[in-house]
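The chains referred to below are lettered A, B, ... by the order of the sequence lines, with proteins before strands, and numbering in each begins at 1.
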Amino acid sequence: MISKNLKNHLAPRLSFPAVFAGLNIILILVNIIVQGKEIYELKEKRSHKGYHFLGAHYAGLEHLLKDVPIIGYYTDGNISEKLSSAKFAQAQLTLSPIILDPDSLDYEFIILDCASPKKAVDKMKEIKAVPLVINQVGIILAKKSK
Amino acid sequence: MIYFLPYLISLLIGWLIIFLLLPPQKQTNLLLRLSLSFGLGLGISASLTFYSFIIFDKLNKVFVLLVHLCLLLWLLASIYWKHRHCENKEQTANGKQSLLRDCFAMNYIGSWLAMTRDTKILKVLLGLGLIAATTFLLWTQANFYPLGGWDAWSVWNVKSRFLFLGGQQWENMFHPILWRSSQHYPLLLPLINVWGWIFSDTPTPMIPLVNSIIFTFLTAALLFSGLKTVIKTFPALLAALLLVSSPTFVVYATSQYCDIVLAYFLLAVFVCLTLSRLHQTKSLALLAGLLLGFLSFTKPEGTLASLLMACLAIFYLSDKKGKKFLKGPLFISLSAGLLIGFLPTILFHVFYAPANQTFINGLNSAQHPVTMERLKIITMYVMFEFMSRKWHGLWALLFIGLLFSQGRCWKKEMMVLFFFLISYAFMTTLYYWLNTYFEITWWLTVTLPRILSAVLPVVIFWVFYSVWGENFKEKLD
């Protein structure tokens, strides 16, 4: 009898599940605060500088490339770098199902994305291509002369 | 409204299949049925869309819609005939009424309304408030990047556009030039996107965004409702909140990657296997088989996970009374489900999938050999990732949960999860080590958090079931 009472007295008031539930509640609250803060900061950032999808620079070119399966893609940037790589990936998304080949210019149509018009003109002279369209952000769709 | 029609069709198909497989009296709640139905329906719709490419070599919208219509009619007819056969003559007098009531969840909705009258209004408001808050959170996070994260543009959404706009040239997406889009990856998510666009002429970016939100919501709902069948409501709710409150998980889930689809189907398989074992229900084993098939069609990690799970499920579902499982009804049901569910994956790998261009077998390569240093980096990186600040101690908490479970996490009900996670971790590590194509630190930085976020719901299920699992016998009684 005494040992039973003692056992009851000494038995932990808090069970493992209760402690675990408490820890979970704390983490959930921390996560909510962190997530709320992140959302607020991102909203602030977006209010100054809106969402910008680089692939939008290429929109509209697909209308000139009906039934063309593969075209060349030239950039004077380094495509293995993050920004150029992202730009290429987004261009591919915007223009798919047309395939963009960044490693070869042996195609009838080539997209040129250069830092300056002079660089693009030099490249077109080199590959014997003429510009078909130059859009507002300076992206050029060129066609090789036969 | 027209954009939501494909979702309604998928939900209805999934709901009717689950109704056919699991009569309403079986121990499943409304939310569990809904969350399983929606995912199952989307998986079926994606598979049917894929058959259009196999048969017509292009997306044939009329065929896809007709097959959906036929399936719907067949399901309704099957339910009607099953109902008529089950009822005796007296009951069939008002058969139509009860069929409608059963089939379209009138019973559930009625009992839920009755429950809300009995329980405090505060609880109902709390539930609705949580749903609203979660929807707001997911919608806000998803809309920060409406075109998704990196892999959304370079892998999943590119494939979706090839499938939708490519006509008979859709197979161009397997062209070697497109190696950056991982052409060998299975197509479940792109096909779900295509199904979402089926009534549209243009591939609006809204559909992949909505899909990511739907699957995140379904995963949380499935975690809550699946756990609710085996533990008390409060801890089940905590589990779901723990998942959707994690900033890292939510960012990955709403980035329009396939990892959230993988997470959903992995969890759905575990829930179905667990319930199938508890209740010895053939139909849940069949459902688990189907879902394993869809899991295998998500991405290579999903294929690996489904193969591991299929092997483990054979032991997991073995009869307690010593009957031979391989001849048992659960095994036959599981196999039937696997056969139907795996068909798109098998067809894809046999006829379409190109070789993995981003693989170098480090064991055979003199230029890029495997090294012990690489293995050390992988092991260390995994440890650091578990402790990374971006998870805010979530993995440490789950580890504490395992300790607090007082050994219940090793019981047979849970063992399958443990063996799965161990074998999955081993195979993934082996692949990281053997494939020396990528520089390992960059590769781990990019992919490991995603792998962890995909298994997170299942790990939470395991931990919470282990900590509060003693309650499940009372629930069954």
Side-chain angles (χ1 to χ4, degrees), chain A residues 14-43 45-46 50-56 62 67-73 79 82 85-104 107, chain B residues 133 137 140-141 143-148 150-155 157-167 169-170 172-173 175 177-178 180-181 203 205 231-232 234-235 238-239 241-242 244-251 392-394 397 400-401 403-406 463-464 467-468 470-471:
Chain A
L14 289 172
S15 63
F16 281 139
V19 174
F20 186 58
L23 291 173
N24 272 291
I25 291 168
I26 292 169
L27 183 58
I28 289 166
L29 290 173
V30 168
N31 278 342
I32 288 170
I33 293 166
V34 170
Q35 209 167 157
K37 200 178 155 205
E38 281 176 5
I39 288 173
Y40 176 76
E41 282 171 1
L42 207 50
K43 276 205 164 178
K45 198 176 155 189
R46 283 289 157 79
Y51 176 71
H52 186 55
F53 187 70
L54 296 168
E62 68 275 17
D67 301 323
V68 180
I70 309 178
I71 61 172
Y73 178 90
I79 207 160
K82 202 174 177 181
S85 183
K87 207 170 182 184
F88 171 71
Q90 295 185 4
Q92 178 61 77
L93 174 70
T94 306
L95 295 176
S96 56
I98 300 161
I99 299 172
L100 306 187
D101 188 349
D103 301 319
S104 169
Y107 297 99
Chain B
L137 169 78
T140 310
Q141 286 279 21
N143 272 289
F144 279 133
Y145 298 96
L147 288 145
W150 195 294
D151 274 15
W153 342 306
S154 66
V155 181
N157 294 347
V158 163
K159 285 169 191 274
S160 308
R161 284 177 64 97
F162 268 92
L163 289 165
F164 189 71
L165 299 171
Q169 310 299 315
W170 71 277
N172 280 354
M173 69 194 230
H175 199 290
I177 293 171
L178 292 170
R180 289 174 183 82
S181 73
I231 65 174
K232 285 179 179 168
F234 179 66
L238 274 186
L241 286 176
L242 190 66
V244 292
S245 69
S246 166
T248 306
F249 176 80
V250 171
V251 166
H392 302 115
L394 176 59
L397 179 70
I400 291 169
L403 295 178
F404 281 8
S405 75
Q406 297 170 288
V463 173
F464 275 67
V467 173
W468 279 279
E470 61 188 352
N471 197 37

For D67(A), does the CG atom have more than 12 heavy-atom neighbours from other residues, nucleotides or ligands under 6.0 Å away? no
Honestly, the part of V250(B) sitting under 4.5 Å from a heavy atom of chain A is side chain
Selection residues 86-98 of chain A - residue pairs positive for salt bridge (charged side-chain N to carboxylate O under 4.0 Å, His left out), sequence neighbours left out: K87(A)-D113(A)
How close do S246(B) and Q35(A) get, counting heavy atoms only, and between which atoms? C-NE2, 3.9 Å
Tell me, side chain or backbone of K45(A) under 4.5 Å from chain B's heavy atoms, or both, or neither? neither
H392(B) portion near chain A, given a 4.5 angstrom heavy-atom threshold: both
Just so I understand: if I count every heavy-atom pair under 4.5 Å between each of V463(B), I400(B), L137(B), N157(B) and chain A, which residue has the most? L137(B)
L147(B) vs Q90(A), side chain to side chain contact (heavy atoms under 4.5 Å, CB included): CA-CA, chis, key distance, verdict: CA-CA 10 Å; L147(B) 288 145; Q90(A) 295 185 4; over 6 Å; no
What's the separation between atom CG in N31(A) and atom CZ in F249(B), rounded to the nearest 0.5 Å? 12.0 Å
Contact part of F464(B) toward chain A, heavy-atom cut-off under 4.5 Å: side chain, backbone, both or neither? side chain
Closest non-hydrogen contact found for I177(B) with P102(A) is CG2-CD, 4.4 Å
d(L29(A) CG, S245(B) OG) to nearest 0.5 Å is 8.5 Å
Which region of L165(B), side chain (C-beta onward) or backbone (N, CA, C, O), has a non-hydrogen atom less than 4.5 Å from a non-hydrogen atom of chain A, or is it both or neither? both
To the nearest 0.5 Å, atom OH of Y51(A) lies from atom OH of Y145(B) at 8.5 Å
Who among L100(A), D101(A), L42(A) has the most heavy-atom pairs with chain B under 4.5 Å? L42(A)
If we only count heavy atoms from C-beta on, is the L403(B) to F16(A) side-chain gap below 4.5 Å? no
Is the backbone of A89(A) close enough, under 3.5 Å, to the side chain of R180(B) for a donor and an acceptor to pair up by distance? no
Taking all non-hydrogen atoms of both residues into account, name the closest pair between F162(B) and S96(A) and its distance. CE1-CB, 3.6 Å
I need the residue from I70(A), I28(A), V34(A) with the largest number of non-hydrogen atom pairs under 4.5 Å to chain B. I28(A)
Value for CG (L23(A)) from CG (L397(B)), rounded to nearest 0.5 Å, stands at 6.0 Å
Identify which part of T140(B) has an atom lying under 4.5 Å from any heavy atom of chain A, answering side chain, backbone, both or neither. side chain
I'd like to know which of I98(A), T94(A), I32(A), L95(A) tops the heavy-atom pair count under 4.5 Å against chain B. T94(A)
Is L163(B) close to chain A through its backbone or its side chain, or both, or neither, when contacts mean heavy atoms under 4.5 Å? neither
Is chain A contacted by the side chain of P146(B), its backbone, both, or neither, given a heavy-atom distance below 4.5 Å? both
Looking only at heavy atoms, the pair that brings W150(B) and S85(A) closest together is CZ2-OG, 3.4 Å
When rounded to the nearest 0.5 angstrom, what is the spacing between CG in N24(A) and CZ in F234(B)? 8.5 Å
Tell me every residue that passes side chain to side chain contact (heavy atoms under 4.5 Å, CB included) with V251(B), counting only those two or more places apart in sequence or in another chain. Q141(B), S255(B)
Under the criterion side chain to side chain contact (heavy atoms under 4.5 Å, CB included), I'd like the reasoning laid out for F144(B) against I39(A): C-alpha separation, chi angles, the key distance, then a yes or no. CA-CA 9 Å; F144(B) 279 133; I39(A) 288 173; 4.0 Å; yes
Hey, what do you get for OG (S154(B)) to CD (Q92(A)), rounding to the nearest 0.5 Å? 10.0 Å
Where does the angle between the aromatic ring planes of F404(B) and F20(A) fall among parallel (under 30°), tilted (30 to 60°) and perpendicular (over 60°)? perpendicular
